[in-house]
Amino acid sequence: MEKRPYRALFLSTFQLSAFTFGGGYVIVPLMRKKFVDQLHWLEEQEMLDLTAIAQSAPGPIAVNASILVGYHVAGVLGALLTMLGTVMPPLIIISVISLFYAAFRDNYFVNLAMIGMQAGVAAIICDVVISMALNIWKQHRLLPVLVLAGAFAATQFLDVNMILVILVCGCIGAADTCRRGRQLRKEGKA
Amino acid sequence: MVYLQLLWSFFQIGLFSFGGGYAAMPLIQHQVVELRGWLTMTQFSDIVTISQMTPGPIAINSATFVGIRVAGLPGAVVATLGCVLPSCIIVMALAFLYERYRGLSLVQGILGGLRPAVVAMIASAGISLLVLALWGEDVTSLTDPQQVQWPSVAIFAAGFLVLRKWKPDPILILLGSGAAGIVLYSLV
């Protein structure tokens, strides 16, 4: 990257954060669309790596992920800017709302818009999950598909703690690398 | 003094809330309602509701809300700062390590194992969100067509098709679906 896009980093995270309702993972598909598909600042694999790291560290995922993207694109200053961009919208919005929060909570039109946006967010997540799952499928290896299915079953049906899922999957990946390394060395000797 | 208390309370919330989102809720409740008495339980459940209705992580939202109640706007800034400070330090260190060591084959292997897991976790979070969006909060049976919120289904389907076909900026989808929500639900 020739010129560090500080302004774009701040503005894009500010925008994403201002429209990310629901918290948690919701911002990840949005970030992927913005930073991988539109701005090409990250590869899809890098976005997944950063998401895994964001999930494993304490604190809100949205904040963690934006720090990681900012650092990746433009170092420490980039990370501080994306963090600021992510934190400022909720800070401003809640400050304003706290003045008249009962009226806001019970407002008819605000509620309708929120319900509509939930459906919109669900559509974005479906779109992104399908693209990402297809990319895993295209590797033509059995193990990643098994890991995906297993991790999905563990979080969706068995309510396993996500940190545990991350740890186990990381170990599976490490073991797979060691096994393949040994295999390669064996073939080299033979 | 109160600023230091705000900073310290939300620093702890930021430091110990793994997993994000609702995982942070009991921690916030403990610090803010039980330990410090900054909010009543009703005010706390209000802030949870408002967090669902507004953008931003619940930890940041409650930091701002509590900060303002306790010590005005500077309080909100201090509490928010406390909340993100642990992330800032820890994640920046992890980012440094990632950029430096991700070329190693063992690290590559670990990351290779994590990627499908991340897709799975996003899918799982997406399904909960999809159910909430298309059936609403008080759903008792997913197969009962009376409980399906058809305007939301229409918004979801339209948004999904537009995304697959034209790949627009997601912000446009959100704005559009918010507007569609007001129009469609006003008509129903």
Side-chain angles (χ1 to χ4, degrees), chain A residues 18-21 23-25 30 33 48-49 51-53 57-64 67-68 71 79 89-91 93-95 98 105 109 112-120 122-127 129 132-133 136 144 147-148 151-152 155-156 162-163 165 169-170 172-174 177, chain B residues 14-15 17-21 49-50 53-61 64-65 68 76 80 84 86-87 90-92 94-95 105-106 109-126 129-130 133 152 155-156 159-160 163 170-171 173-174 177-178 180-182 185:
Chain A
F19 288 100
T20 307
F21 295 83
Y25 273 116
L30 294 172
K33 272 213 114 36
L48 289 175
D49 294 348
T51 310
I53 300 172
I61 292 169
V63 176
N64 294 352
I67 292 176
L68 286 160
Y71 187 91
L91 185 67
I93 293 169
I94 297 291
S95 297
S98 73
R105 188 193 50 201
F109 291 106
L112 294 188
M114 300 299 318
I115 293 172
M117 283 196 190
Q118 274 179 351
I124 295 173
I125 296 193
C126 279
D127 173 51
V129 166
M132 290 196 297
I136 301 268
V147 170
L148 199 160
F152 181 78
T155 45
Q156 181 69 21
M162 289 192 182
I163 305 281
V165 175
C169 293
I172 292 175
T177 308
Chain B
L15 186 60
S17 60
F18 284 89
T49 315
I50 292 174
M53 299 173 61
T54 55
I58 180 170
I60 307 272
N61 287 347
T64 305
F65 192 80
I68 277 217
T80 305
V84 294
S87 297
I90 295 168
V91 174
M92 212 103 74
L94 291 174
S105 71
L106 185 66
I110 295 173
L111 291 171
L114 292 185
R115 282 176 202 136
V118 170
V119 176
M121 286 191 285
I122 296 176
S124 167
L129 214 88
L130 189 66
S152 287
I155 295 171
F156 170 78
F160 184 73
L163 276 165
I171 307 292
I173 294 290
L174 289 174
S177 51
I182 294 178
Y185 278 100

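Residue numbers begin at 1 in each chain, while the letters A, B, ... track the order of the sequences.
P90(A) places none of its side-chain heavy atoms less than 4.5 Å from the side chain of T64(B). Within the 4.5 Å cutoff, side-chain heavy atoms of S98(A) are placed close to those of F65(B).
Listed by chain and residue number, R115(B) satisfy the salt bridge (charged side-chain N to carboxylate O under 4.0 Å, His left out) test with D49(A) (two or more places apart in sequence, or in another chain). Evaluation of the side chain to side chain donor-acceptor pair (under 3.5 Å) rule for S87(B) yields N64(A) as partners, not counting sequence neighbours.
Both the backbone and the side chain of I94(A) come within less than 4.5 Å of a heavy atom in chain B. In this structure, the portions of I122(B) lying under 4.5 Å from any heavy atom of chain A include both its backbone and its side chain. Looking at I136(A), the atoms closer than 4.5 Å to chain B (heavy atoms on both sides) all sit in the side chain, from C-beta outward. Residue A18(A) touches chain B through its backbone alone, counting heavy-atom pairs closer than 4.5 Å. For A180(B), no part lies near chain A; criterion is any non-hydrogen pair under 4.5 Å. For T80(B), the part sitting under 4.5 Å from any heavy atom of chain A is the side chain, from C-beta outward, and nothing else. Both the backbone and the side chain of L174(B) come within less than 4.5 Å of a heavy atom of chain A.
Scanning all heavy atoms of the two residues, the minimum distance from G113(B) to V147(A) falls at O-CG1, 3.6 Å. Taking each heavy atom of P58(A) and I90(B) in turn, the nearest pair found is CG-CD1, 3.6 Å. In plain terms, the two heavy atoms of P57(B) and V63(A) that are nearest each other are CG-CG2, 4.4 Å.
Taking CG of L114(B) as the start and SG of C169(A) as the end, the distance is 7.0 Å to the nearest 0.5 Å.
Looking only at heavy-atom pairs under 4.5 Å with chain B, the residue among A122(A), A52(A), P89(A) that has the most is A122(A).
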